[in-house]
Participant: 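Let me begin by handing over the structure; questions about it come next.
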Amino acid sequence: MKRICLFFLIFFLYTGNLFSQIKQVKLRSGSPAQYERVDVDIELTATWKNPYFQEEVALNMKIVTPSGQEMTLPCYYESGNSGSLSLWKARFTPQEAGNYQYHFQLSQKGKVRNSSRPETFISGATDRTGFLHVHDHWTLRFDNGTPFRGIGENICWESRDEDDSRYFKELHEVSSLYNYDSMLPQFAGYGGNFYRIWICSWNLPIDYQGPFNNSRYLPSDTYYNPSALARMDRVVELSESLDLYMMLTLGQGGYLQKDRGVATSDEDFFINPKARQWYKNRLRYIVARWGYSPSIAMWEFFNEVDNVQYRDNDHPVPGQYIVDWHTEMAAYLKQIDPYQHIVTTSISHRDIEGLNSIPDMDINQKHIYNHTEVIPAEISQYINDFGKPYIIGEFGYEWDWSKNFNDFAAGMDIDFKRGLWYGLFSPTPVTPMSWWWEFFDNRGTNAYFRGVREISDRMLSAGKGSFVPLSVDAPGIESFAVRCGEEIYLYLFNPVDAVFLSDVTLSGGNQKYNVQSFEPTYRIYTELPAVSSVSGQIVLPKIPVASMKEKVLILTPY
């Protein structure tokens, strides 16, 4: 009897390995280079019910870098049938120049069944900057050490076929303007370098069947929607070509049983072990297909998770369920992402106890509407409370889309500009990101990014990424000041309905300074009289600021 059992054990092990074999590995990139995508095609045979479920079948690229670091890259299924020859893909970005060694491991039911023979390629050196990572409260840093500050905006989706805006329906439905091939180049041309984008049921709907409120996508019975995958590929490649960096909002995807998921409700999504495994498989696919790209700066789990918590006001999801979910998913994402992209999530306005303290969440964030004036204090408060960089992922003069923004368009414009400068002069690595992108585009307001970017680049260059807040006093107007290297930058805003003259006093060393005044809208510099620091203080007398306008002053020692 023991011999029979041993025979069947050997038979099943042998046949399991027989049907789990890597047949061919083909490097498709002729000249691999540092920070450029390397594509590898892998042909294999394996059995599965769903090739996107790693508990059934998984392929990993095992890599040894030139410096000896060992990495594991998830690969993704492309085509083919269970039990027959299938095609899988690896998208890898070398972060070092030099000789790479790699092979592939095929797993079934969580056990390695087959490995390919070792291969090598040489990655040539480039002057590219690499991936973004958290550095301090003010800046992010690329792999090569270059500092970065995001000049950002929400461009969360393209035009919908049927928009639900009461006053701007026709504008929002203009597909010739509000598509990424148009909006992203324009945004980059205006000086923007960071944007937020959603995966949802009408935009990049990778795991929804359809029909879609967006004719760019075709309904499909396949597990991941081919038209949405192709569109996401295009957006990532377009962003790379424009030097744009995105916060990719992953959302819940088609998490309900009526879509592609396994959850029965929002609460079930957070606590059901099967739903959590389903989401991990989704994360694995996203990392395998798009994690290679430095243009993906951040993975954002949720847009306004507190609103998900309170979808049913009578039965809100317990906050601890949400915190536990984020703790597990953030740790998993760090485990499978070889590039260690920044991880974040967002709330609307209701904090969830514990959410801001999760170890593997790199950046905390919230959204602020109707109260842009509180942004600097909010950023400082959250940094002080939790010791992490903080971002205002959305802000605006008004959140209520049932109102006609044209009735208070001037207020919308002023608020748009204030939010950007508040961010530039506050300890946040990305400026607060405005909402209502179509409205501001239609008004020409987006061109204002140019001046903000110009000053941001100058700050980064002057201080090599160092920002030191300075105390400043300007009676009657709002004022902020920072030192970047040897230069001092001041932001002044006049909130009253009249031109205002103010004496500006700030702390400074015992030096003499040339003074420039910068008008952001037309990007005009004006030379002002030089000043000297006396007893550690600098006084700029009678600085005029127009009504509801801003001014930037730049002090350069001589």
Participant: Does Glu550 come within less than 4.0 Å of Lys417, counting only side-chain N to carboxylate O?
Facilitator: no

Participant: Give a yes-or-no answer on whether the side chains of Tyr35 and Asn144 include a donor-acceptor pair shorter than 3.5 Å.
Facilitator: no

Participant: Measure up the Phe301 and Tyr279 rings against each other and bin them: parallel (under 30°), tilted (30 to 60°), perpendicular (over 60°).
Facilitator: tilted

Participant: Side-chain donor-acceptor pair under 3.5 Å between Gln516 and Thr556, yes or no?
Facilitator: no

Participant: Is any side-chain heavy atom of His349 less than 4.5 Å from a side-chain heavy atom of His367?
Facilitator: no

Participant: With sequence neighbours excluded, what pairs up with Asp127 under the side-chain hydrogen bond (donor to acceptor under 3.5 Å, both in side chains) test?
Facilitator: none

Participant: Does the side chain of Leu490 come within less than 4.5 Å of Ser479's, by heavy atoms?
Facilitator: no

Participant: Side chains of Asp324 and Thr327: donor-acceptor distance under 3.5 Å anywhere?
Facilitator: no

Participant: Do Arg234 and Asp181 sit within salt-bridge range, that is, some charged N less than 4.0 Å from a carboxylate O?
Facilitator: yes

Participant: Got Tyr491 and Val482 here, is their nearest side-chain heavy-atom distance under 4.5 Å?
Facilitator: no

Participant: What distance do Leu248 atom CG and Ile296 atom CD1 have between them, rounded to the nearest 0.5 Å?
Facilitator: 5.5 Å

Participant: Could you tell me if the side chain of Glu267 sits less than 4.5 Å from the side chain of His315, heavy atoms only?
Facilitator: no

Participant: Can you find a side-chain donor-acceptor pair between Asp233 and Trp290 that sits under 3.5 Å?
Facilitator: yes

Participant: Mind checking side-chain contact (heavy atoms from CB on, under 4.5 Å) for Ala530 and listing every partner two or more places apart, or none if nothing turns up?
Facilitator: Asn514, Tyr558

Participant: Could you tell me if Asp415 and Thr372 have a donor-acceptor pair between their side chains, going purely by distance under 3.5 Å?
Facilitator: yes

Participant: Asp207 and Tyr255: side-chain donor and acceptor closer than 3.5 Å?
Facilitator: no

Participant: Is the closest side-chain heavy-atom distance between Met361 and Thr345 below 4.5 Å?
Facilitator: yes

Participant: Within this structure, what is the CG-CG distance for the pair Leu555 and Leu506, rounded to the nearest 0.5 Å?
Facilitator: 6.5 Å

Participant: Counting the benzene-type ring for Trp, do Tyr178 and Trp437 have ring centres under 6.0 Å apart?
Facilitator: no

Participant: Which word best sums up how the rings of His341 and Tyr339 line up, parallel for under 30°, tilted for 30 to 60°, or perpendicular for over 60°?
Facilitator: perpendicular

Participant: With a sphere of 6.0 Å drawn around OH of Tyr310, does it hold more than 12 non-hydrogen atoms of other residues, nucleotides or ligands?
Facilitator: no

Participant: Decide if atom NZ of Lys169 counts as having more than 12 heavy atoms of other residues, nucleotides or ligands within a radius under 6.0 Å.
Facilitator: yes

Participant: What orientation do Phe449 and Phe187 show, parallel under 30°, tilted 30 to 60°, or perpendicular over 60°?
Facilitator: perpendicular

Participant: Is any side-chain heavy atom of Thr428 closer than 4.5 Å to one of Tyr390?
Facilitator: no

Participant: Is any side-chain N of the basic residue among Lys366 and Asp306 closer than 4.0 Å to the acidic one's carboxylate O?
Facilitator: no

Participant: Counting heavy atoms not belonging to Arg311, are there more than 12 under 6.0 Å from its CZ?
Facilitator: yes

Participant: Do NZ/NE/NH1/NH2 and the carboxylate oxygens of Arg196 and Glu394 come within less than 4.0 Å?
Facilitator: yes

Participant: On the ring face of Phe467, is Arg149 found with NZ or CZ under 6.0 Å from the centre and within 45° of the axis?
Facilitator: yes

Participant: Atom NZ of residue position Lys334 - does it have more than 12 heavy atoms of other residues, nucleotides or ligands inside 6.0 Å?
Facilitator: yes

